[in-house]
*Asks:* 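My questions will all concern the structure given below.
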There are 2 protein chains.
Amino acid sequence: MTDTDLLRDRGLRVTAPRLAVLDALEGHAHLDADEVLGRVRTTLPGVSVQAVYDVLHALTGAGILRRIEPAGHPARYERRVGDNHHHVVCRGCGAVDDVDCVVGHAPCLVPSSTSGFAVEAAEVTFWGLCPACRQAG
Amino acid sequence: MTDTDLLRDRGLRVTAPRLAVLDALEGHAHLDADEVLGRVRTTLPGVSVQAVYDVLHALTGAGILRRIEPAGHPARYERRVGDNHHHVVCRGCGAVDDVDCVVGHAPCLVPSSTSGFAVEAAEVTFWGLCPACRQAG
DNA sequence: GTCGTCACTTGAATGATTCCAGAAAACATG
DNA sequence: CATGTTTTCTGGAATCATTCAAGTGACGAC
């Protein structure tokens, strides 16, 4: 399915900024809003900061994008949705990479006592050092 | 061990603001910086905002406090450290509660492929609705 | 094509957190 | 207990990602 069809399918209007954001995240996952803006402006120089934030919100709300918010770092976005994968975040530079869940259906992701909370989702974040930051010491 | 001994034990100086912060978090886990400030000022009215941030950083760095940063909410702090428990966060009001890991040693918390990252820790966050927000609809 | 709705632009505001310089207090020593 | 050094605390301003507000412009149903 083309990005155009994807947007129509979710009931979203097809606009140049939206296509540009999707294109920027194609092959470059885990970009933050500023990086997305930079990439979008290479093809659409006039796009405003808020347009990018609006688009990212709209696409996230429509389930086309997934938003990752590692503690202490700006939010990042990726196109890979719906497969319940997780992330490693580098303590040094904030780089993010994907981690697939080892076990098919995560057994420890069903909490024991939920204190009356209605739990909808579980999110796993691994923290460590990326290869580059390991070398840098 | 008293809080005074605890601070000395970690090589930290014993000051009134530090004791007050520890006291504020005793029995009131998951407070954010502003809430800690409010509680501290009931006993030490003159304490500054930055003093509280400095203290929270110092105690977190010394391993006395644990910092929780749920996406979209200010950071929260708790005294319970070193037992690898996790948290439920309310999508409505941001309330946080503790969740003990179901399985003794979490099986899915060892990532399969780590892309060269040196993984140090795994963090699990459950998202849902607290009892109060469930009733509010 | 026309029109209503939704998206985008410009500009300013917010809120948690941090930076800076100077004053004050805590620990180690004589 | 007096002194000096180091660390902490105060007060004010600054930062950064993100959001709000109001007006202009473009998509797409009819």
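To find a chain, count down the sequence lines: A is the first, B the second, and so on, and within it residues start at 1. In this text, all values refer to a predicted model and were calculated from it rather than measured experimentally.
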*Asks:* Closer than 3.5 angstrom, by distance alone: can the side chain of A:R18 be matched with the main-chain N or O of A:L59 as a donor-acceptor pair?
*Replies:* no
*Asks:* A:R8 side chain N/O closer than 4.0 Å to the phosphate oxygens (OP1, OP2) of D:dG28?
*Replies:* yes
*Asks:* To check you understand the geometry: which heavy-atom pair defines the closest contact between B:R13 and B:L7, and what is its length?
*Replies:* O-CD1, 4.3 Å
*Asks:* Is there a side chain to side chain contact (heavy atoms under 4.5 Å, CB included) between A:R80 and A:R66? Walk through the geometry before answering.
*Replies:* CA-CA 7 Å; A:R80 200 177 153 191; A:R66 180 170 161 191; over 6 Å; no
*Asks:* Nearest-nucleotide wise, let me know which of B:L12 and A:R13 is further upstream toward the 5' end of DNA chain C.
*Replies:* A:R13
*Asks:* Which residue pairs pass the ring-ring contact (aromatic ring centres under 6.0 Å, His included) test with at least one member in residues 14-42 of chain A, sequence neighbours excluded?
*Replies:* A:H30-A:H87
*Asks:* Could you check B:A16 against A:T15 and say which one's nearest nucleotide on DNA chain D is further toward the 5' end?
*Replies:* B:A16
*Asks:* Can you give me the closest heavy-atom contact between A:G116 and B:R134, atom names plus distance?
*Replies:* O-NH1, 2.6 Å
*Asks:* Could you tell me the separation between the CG atom of B:L44 and the C1' atom of D:dC9, rounded to a whole number of Å?
*Replies:* 12 Å
*Asks:* So if you build clusters from Ile, Leu, Val, Met, Phe, Trp, Tyr with side-chain heavy-atom gaps below 4.5 Å, do B:L56 and B:V47 land together?
*Replies:* yes
*Asks:* Mark up nucleotides 10-20 of chain D, 5' to 3', with B wherever a protein heavy atom is under 4.0 angstrom from a base atom, S wherever such an atom reaches only the sugar-phosphate, and - elsewhere.
*Replies:* BBBB---SBBB
*Asks:* For a 4.0 angstrom threshold against heavy atoms of chain A, report the outermost contacting nucleotides of DNA chain C in 5' to 3' order.
*Replies:* C:dG4 to C:dA12
*Asks:* Please determine whether salt bridge (charged side-chain N to carboxylate O under 4.0 Å, His left out) holds for the pair B:E69 and B:R67, giving the CA-CA distance in whole Å, both sets of side-chain angles, and the decisive distance to 0.1 Å.
*Replies:* CA-CA 7 Å; B:E69 299 183 57; B:R67 180 190 181 118; 2.8 Å; yes
*Asks:* Would you confirm whether B:R39, through its side chain, and B:A24, through its main-chain N or O, come within 3.5 Å as a donor-acceptor pair?
*Replies:* no
